Amino acid sequence: MAQAGVYGSRLGRPLQAKNAPSLIARTLRSSELAVTETRNDDPVPSLSGSLPSEDAYLVSLKFRNYPDCECWERGRCVIKTNVHGGATYLYDLKRDPRYVIDKPFHSLFFYLPRSALDDIARQAGAPRIGELAYEPGIGHDDAVVRNLGASLVEALRRADETNQLFVDHMLHALTAHVAQTYGGLRRSAKTIRGGLAPWQLDRACDMLNADLAGKTPLRQIAAEFDLSVDHFSRAFRISTGLPPHRWLLRRRVKTAEQLMTIRDLPLSEVAKSAGFANQSHFTRVFSAMVGVSPGAWRRGVRGASDSEG
């Protein structure tokens with residue numbers, strides 16, 4: 001199936017980005033959300049190419065300053081301004097946003113189609129969101145976007161180790177934040193704020209345990225209970241104290257600990273069976289969560305068993 005949204009190479013090529021890695025999530029109604037990293041340290045001076053016209057927005061986190069940025073919309077220059085690293089900028093894809101590329105740049109772009117904004121308003125029991133409030137070339141000091149962006153940049157660089165639950169969680173959180181901050185979304189007072197019912201929690205945990213690699217989309221698990229991704233994630237966190245992707249990491253580590261009590265099982269096999277991408281991924285996550293490497297943990301368990309015997 002051909003790509004429809006403005007992310008990955010469809011975004012990178014018009015911006016002269018040699019590589020444009022992206023991560024994708026989908027809403028309950030299958031609207032695409034995506035994040036793309038773009039960078040060029042030696043661009044050819046020119047006006048950026050036109051992006052596909054859509055009823056959608058790009059929300060961009062800039063990682064470096066870009067002085068005297070000439071911003072265009074609908075075929076004409078609308079502002080020349082300094083773009084600041086760390087700030088967030090919005091672009092309306094209906095307006096043919098472009099800019100003069102004449103300096104090195106490094107940015108993160110979140111693709112938010114109208115259908116995703118409609119979904120989140122419907123799920124929140126709120127009126128449909130109108131146009132997002134922004135002005136071309138005007139940046140926002142948005143700590144939420146900065147924090148989400150920092151986490152996703154690491155995920156983009158380790159795509160083979162990033163589980164889909166994490167991507168879903170982050171991109172849905174970003175969409176909800178943009179809808180509230182720039183779209184004026186107000187949640188209905190009727191929004192349920194409690195945790196999952198015991199049977200729902202058991203079923204959700206069973207689904208997560210059945211796929212330790214984390215490839216099952218969050219929307220698929222939420223749909224099991226006829227809940228939105230946002231509602232399910234919030235209720236799951238209330239019930240367990242952790243968002244689904246963090247809960248899954250804990251289960252991976254617990255599973256690995258159980259497997260490592262089998263003396264002759266190689267760590268590479270433990271990593272694979274516990275849902276990690278590879279042994280390096282396993283070692284990094286296990287060490288961060290447990291405080292020692294898998295090998296050191298297993299030696300400690302063996303030592304304790306030997307002394308008890």
Side-chain angles (χ1 to χ4, degrees), residues 5 7 22-37 56-61 86-90 107-126 129 132-134 140-156 158-159 162-188 191-193 195-196 204 208 214 216-223 225 227-250:
Y7 56 84
S22 62
L23 295 169
I24 305 162
R26 286 178 172 82
T27 68
L28 198 59
R29 295 171 182 258
S30 295
S31 298
E32 288 186 323
L33 305 170
V35 58
T36 302
E37 184 179 15
Y57 293 89
L58 293 175
V59 178
S60 182
L61 173 63
T88 294
Y89 294 80
L90 278 68
S107 305
L108 205 62
F109 284 90
F110 297 93
Y111 168 70
L112 303 182
R114 162 60 55 190
S115 54
L117 294 173
D118 288 346
D119 277 354
I120 205 162
R122 186 182 304 110
Q123 292 160 13
I129 297 168
L132 298 187
Y134 82 99
H140 304 270
D141 181 15
D142 194 322
V144 172
V145 175
R146 277 199 301 275
N147 291 334
L148 290 172
S151 296
L152 283 164
V153 163
E154 186 65 23
L156 282 160
R158 299 182 186 274
T162 300
N163 72 66
Q164 189 61 45
L165 290 177
F166 171 79
V167 177
D168 291 350
H169 177 80
M170 289 295 184
L171 291 182
H172 280 88
L174 184 282
T175 304
H177 170 71
V178 170
Q180 292 176 46
T181 304
Y182 305 103
L185 175 70
R186 294 293 177 266
R187 294 185 179 279
S188 167
T191 300
I192 300 172
R193 299 190 178 279
L196 296 172
L208 291 169
T216 303
L218 201 51
R219 64 187 173 88
Q220 183 175 324
I221 301 175
F225 314 107
L227 298 175
S228 69
V229 170
D230 185 43
H231 183 174
F232 171 75
S233 297
R234 184 171 60 252
F236 186 92
R237 186 167 191 161
I238 290 171
S239 295
T240 66
L242 295 169
H245 70 279
R246 292 295 300 175
W247 187 94
L248 184 65
L249 276 184
R250 291 280 181 90

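Owing to the predicted nature of the structure, the values given are computational and were not obtained by experimental measurement. Every heavy atom of this structure was used, including side-chain atoms; hydrogens, water molecules and symmetry mates were not.
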Kindly give the heavy-atom pair with the smallest separation between [X] and [Y], and that separation in Å.
| X | Y | answer |
| --- | --- | --- |
| Gly183 | Leu132 | CA-CD2, 3.7 Å |
| Ala87 | Tyr89 | CB-CE1, 3.6 Å |
| Ser115 | Ser31 | OG-OG, 2.9 Å |
| Arg158 | Thr162 | O-OG1, 3.0 Å |
| Glu32 | Gly5 | OE1-N, 3.8 Å |
| Pro244 | Leu165 | O-CD1, 4.3 Å |

From [X] [atom1] over to [Y] [atom2], what is the distance, rounded to the nearest 0.5 angstrom?
| X | Y | atom1 | atom2 | value |
| --- | --- | --- | --- | --- |
| Arg26 | Gln164 | CZ | CD | 8.5 Å |
| Thr36 | Leu108 | OG1 | CG | 8.0 Å |
| Ser107 | Glu37 | OG | CD | 9.5 Å |
| Ser22 | Leu156 | OG | CG | 7.5 Å |
| Leu90 | Leu112 | CG | CG | 8.5 Å |

Does a side-chain heavy-atom distance below 4.5 Å link [X] with [Y]?
| X | Y | result |
| --- | --- | --- |
| Phe232 | Leu218 | yes |
| Arg246 | Leu249 | yes |
| Leu33 | Phe110 | no |
| Asn163 | His245 | yes |
| Val35 | Tyr111 | no |
| Thr181 | Val145 | no |
| Ile120 | Asp230 | no |

Taking Asp118 first and then Arg122, would you say they form a salt bridge - that is, a charged N and a carboxylate O separated by under 4.0 Å? no
Check the pair Ser151 / Met170 against side chain to side chain contact (heavy atoms under 4.5 Å, CB included), numbers first and verdict last. CA-CA 9 Å; Ser151 296; Met170 289 295 184; 3.9 Å; yes
Knowing that exactly one of Leu248, Leu152, Leu23, Leu171 qualifies, which makes a side chain to side chain contact (heavy atoms under 4.5 Å, CB included) with Phe166? Leu152
Decide yes or no on side chain to side chain contact (heavy atoms under 4.5 Å, CB included) for Phe236 and Leu196, but give the supporting numbers first. CA-CA 6 Å; Phe236 186 92; Leu196 296 172; 4.0 Å; yes
Using the test ring-ring contact (aromatic ring centres under 6.0 Å, His included), find all partners of Tyr182 that sit at least two apart in sequence or belong to another chain. His140
A quick test of your reading: do over 12 heavy atoms of other residues, nucleotides or ligands sit less than 6.0 Å from CZ of Arg114? yes
Would you sort out whether Leu117 and Tyr57 count as a side chain to side chain contact (heavy atoms under 4.5 Å, CB included), showing the intermediate values? CA-CA 10 Å; Leu117 294 173; Tyr57 293 89; 4.1 Å; yes
Intermediate values then yes/no, side chain to side chain contact (heavy atoms under 4.5 Å, CB included), Val59 and Asp142: CA-CA 11 Å; Val59 178; Asp142 194 322; over 6 Å; no
By salt bridge (charged side-chain N to carboxylate O under 4.0 Å, His left out), which residues pair with Arg146, not counting sequence neighbours? Asp141
